[in-house]
Undergrad: 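Pasting a structure below so you can have a look.
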Amino acid sequence: MGDRLTTSTLLVTEEDEKKHEIIRAKGEGKELTKEEKQRLRKEKKQHKKNKKDDRGPPEKEKEKEKASVPAPSKPATQSPAHKAAPVPVNASASESPVAAEKPAKSKAELRAERRARQDSERASKQGKKEGGQQSTSSKPKATPNELQPVVKRLPDHVQVDDPVALKKLAKKLERQQKSGQGCSLNITGVKVPLRSDYGYKVSLFSHLHQYSRKNPPTQQISIPVTVIHPSIVRLGLQYSQGIIAGSNARSVALLHAFKQVIQDYSTPPNEELSRDLVNKLSPYISFLSQCRPLSASMGNAIKYIKKEISNIPSQCKEEEAKRILQECIDSYINEKIILASEAISKYAIEKISDGDVILVYGCSSLVNHILCEAFEKQRKFRVIVVDSRPRLEGREALRRLVKKGIRCTYVLISALSYILPEVSKVFLGAHALLANGYVMSRVGTSQIALVAKAYNVPVLVCCETYKFCERVQTDSFVSNELDDPDDLIVTRNGKTHLENWQTVKSLGLLNLVYDVTPPDFVDLVITDLGMIPCTSVPVVLRVKNVDQ
Amino acid sequence: NVDKNKLVEYFRAQIREDPDVASAVAAIRSLLEFLKRDQSETILGLRENMTKAIQRLEETDSSVAVSSGGELFLRFISLTSLEHPDLSQCKNVMIERGELFLKKISLSRGKVGKLCHTFIKDGAKILTHSSSRVVLKVLENAAADNKRFTVYVTESQPDSAGKLMAQKLHNLNIPVTVVLDAAVGYIMEKVDLVIVGAEGVVESGGVINKIGTYQMAVCSKAHNKPFYVVAESFKFVRLYPLNQQDVPDRFKYKADILKTVKDLNQEHPMIDYTPPSLITLLFTDLGVLTPSAVSDELIKLYL
């Protein structure tokens, strides 16, 4: 009994607190109504979860019942407040799962409890705002637009050495299989495949995935029975085997595959196209990121598509909606990629003067396009193509330029400081431009920019605006991509010295894909919006956000 | 073409009457007069005439400021709703906006002076280059604030503009010394800060100014002295030079030389480009900016 008295006194003080907070909260007006809406949505979700947890331990319910008995006997002024009694007790308890509701409780009680839970959550939020040490168990998931600063969760692809994160990812992939299917098909053992890492990883990069090309994720799927659309499966295979490579190529292939998906899609009964299609796309995206981590440009394209889909008005008929979406995708490709490259060529050609010696690295579709256009406009220049192992993409660029008739020289990246005194300009492509002005591009780019700076040669980066991303990165370690280490095994005259590298315990092979160049080494960025200094990337992002 | 000659006459008259006015302001005044007297029947025709007029003025005075001022003027007056069916009404709207623009920029030099003079401390030794009316205004404001400072001016050949500046400063009772262009490295250890004007501010945040500015900037960087640039906002221009030779030829040489001389390699350029990495701060009527913020302002002005 004594315990109950102390808990009831606790409850009284909490009540008063809540009263004040409720009054304060009502006074705060609009801001909180949005929060309330969010909370209502969360309520619904939790409600669903509760129904599952209903078959949970009955003991807790008994405890609550006992707790709720002394509550009504109190001379409380607010009736919902005292029904809040069982809830804060639970909330302040340990990480117990959400307050389970007995199905036998009456509707009024349920409603009251819900309201009380809202109030308590609001109270706990106020407490957080005031910097109080309240328990965070009442808000297990962090909302993205909370008022106070929230620790952002790390993306899954950089938590490979954390077993908890890996388990979460595996569960998420399983769930996506189920959510896509609905309840009709009951298939066990078939899910969005979770690729396993291959080989020893260098410790600095152990937080990243490293896959082998000999084990494509498509081996684990059987086509007719899978939830994943076959064109997506094909795309994933093309990505993982390196058949489609290069930022623009990957994005365009992705958009075309999505067009096919939308074409074959049919809205299930009692579902809205705008919501269901977005849910259908999630397992596809997970599968593709298992095949090869998504690039920044692909991420932006996906965001755009999801936005367009959710903007489809609900009274739109299916055929009409599909047509609209196909058109949206076509116009995105046209505007952001094709027309953008035309605009960039126009600006870049102003910077190419007669007699120039231009250095390019690897194979960037945009830079190749610029050089071909400039050559057609009768500019006299010659090109030096720098290449590096193991991808040797420079050979493709060399092939394209020589076919046009441009005079080219080909060197490997180790000869860079030998060739740079001849060079008048360096043109580089980019995989993404980060919000702090850093340029993320193929590994070796920052090396070229560094040496060019030392020789005072201007470095120009060409990048479309759809590759600008909000991320910030200052080094190449935190987020990168590890390619198949077996690519580094050289065959020279039939001898491979590194063939059995896995047997040597002290040996690790590192095949990085990207690196990050600081803005001090880049003189100019040419985008479809014009020529900007590298430090103005956040301005462009801001202007774009205003446009949207 | 008769109109164009009259325009040039008007422009030259403006500069003669008021030697203190910025060349861009004089150009804009002339353009406004031209607009008032223009006889074209359509808005498109009007714009074409204005563009040609600006080109004609650029041929007279090849400084970057005239080019940038003219372009900004044209943008400012046309960036408004010209939906009136009556052409004369549209013209009136444009003229109104032109007057507004002119009024704004006439005040900009004063604004810059007010912003910058607080950076000059008592007892400071200042180095400046050639003759800039904006720097003069800044120093005037500082002197009026009862600050004591000394100024070193470079001679600035080939036109000895530095001597003119020294004379003007002498008239303001500011102690001034003229130094040779070659003595910049020698004098840098004595000075506390460097203030220069600008003919044009480019997209990267760098400046185009009288030849010798780049040298001064490199020296001041080597000695860790702050290098300040004072410029009005109408000097912001949509150029992006990568290095010295990337600056277009039409700005490098004086207008009459461009017309008469065949081989420009024998001529000395009148301006050079100072990259943004050497500049500490820019004082403009839009505020005190770092070089990377210039691009931000340019995007706002031009987009």
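Here the structure is a predicted model, which means the values were calculated and not measured. To find a chain, count down the sequence lines: A is the first, B the second, and so on, and within it residues start at 1.
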Undergrad: Is there a side-chain contact between B:L107 and B:K104, using heavy atoms and a 4.5 Å cut-off?
TA: no
Undergrad: Check whether any side-chain N or O of B:D285 sits under 3.5 Å from a backbone N or O of B:S233 as a donor-acceptor pair, and report yes or no.
TA: yes
Undergrad: Can you list every donor-acceptor pair under 3.5 Å that links chain B to chain A?
TA:
{"from": "B:Y240", "atom 1": "O", "to": "A:K351", "atom 2": "NZ", "distance (Å)": "2.4"}
{"from": "B:Y240", "atom 1": "OH", "to": "A:D523", "atom 2": "O", "distance (Å)": "2.7"}
{"from": "B:D246", "atom 1": "OD2", "to": "A:K351", "atom 2": "NZ", "distance (Å)": "3.1"}
{"from": "B:S295", "atom 1": "OG", "to": "A:S536", "atom 2": "OG", "distance (Å)": "2.6"}
{"from": "B:D296", "atom 1": "OD1", "to": "A:R542", "atom 2": "NH2", "distance (Å)": "2.9"}
{"from": "B:D296", "atom 1": "OD2", "to": "A:R542", "atom 2": "NH2", "distance (Å)": "3.4"}

Undergrad: B:P241 versus chain A, heavy atoms under 4.5 Å apart: side chain, backbone, both or neither?
TA: backbone
Undergrad: Students often mix this up, so state it plainly: with edges at 30° and 60°, are the rings of B:F73 and B:F101 parallel, tilted or perpendicular?
TA: tilted
Undergrad: Under 3.5 Å, is there a donor-acceptor pair between the side chain of B:K225 and the main chain of B:V191?
TA: yes
Undergrad: For B:I187 and B:L127, what are the C-alpha separation, side-chain angles and deciding distance, and is it a side-chain contact (heavy atoms from CB on, under 4.5 Å)?
TA: CA-CA 9 Å; B:I187 204 87; B:L127 175 63; 4.1 Å; yes
Undergrad: Count the heavy-atom pairs under 4.5 Å between each of A:P533, A:G530, A:P538 and chain B, then report the option with the highest count.
TA: A:P533
Undergrad: Determine whether a donor-acceptor pair (N or O, by modelled atom type, separation under 3.5 Å) exists between the side chain of B:S67 and the backbone of B:S63.
TA: no
Undergrad: At a 4.5 Å cut-off on heavy atoms, which part of A:P458 comes close to chain B: side chain, backbone, both, or neither?
TA: side chain
Undergrad: Counting N and O atoms only, with roles assigned by atom type, does the side chain of B:H268 sit under 3.5 Å from a partner on the main chain of B:I211, one being a donor and the other an acceptor?
TA: no
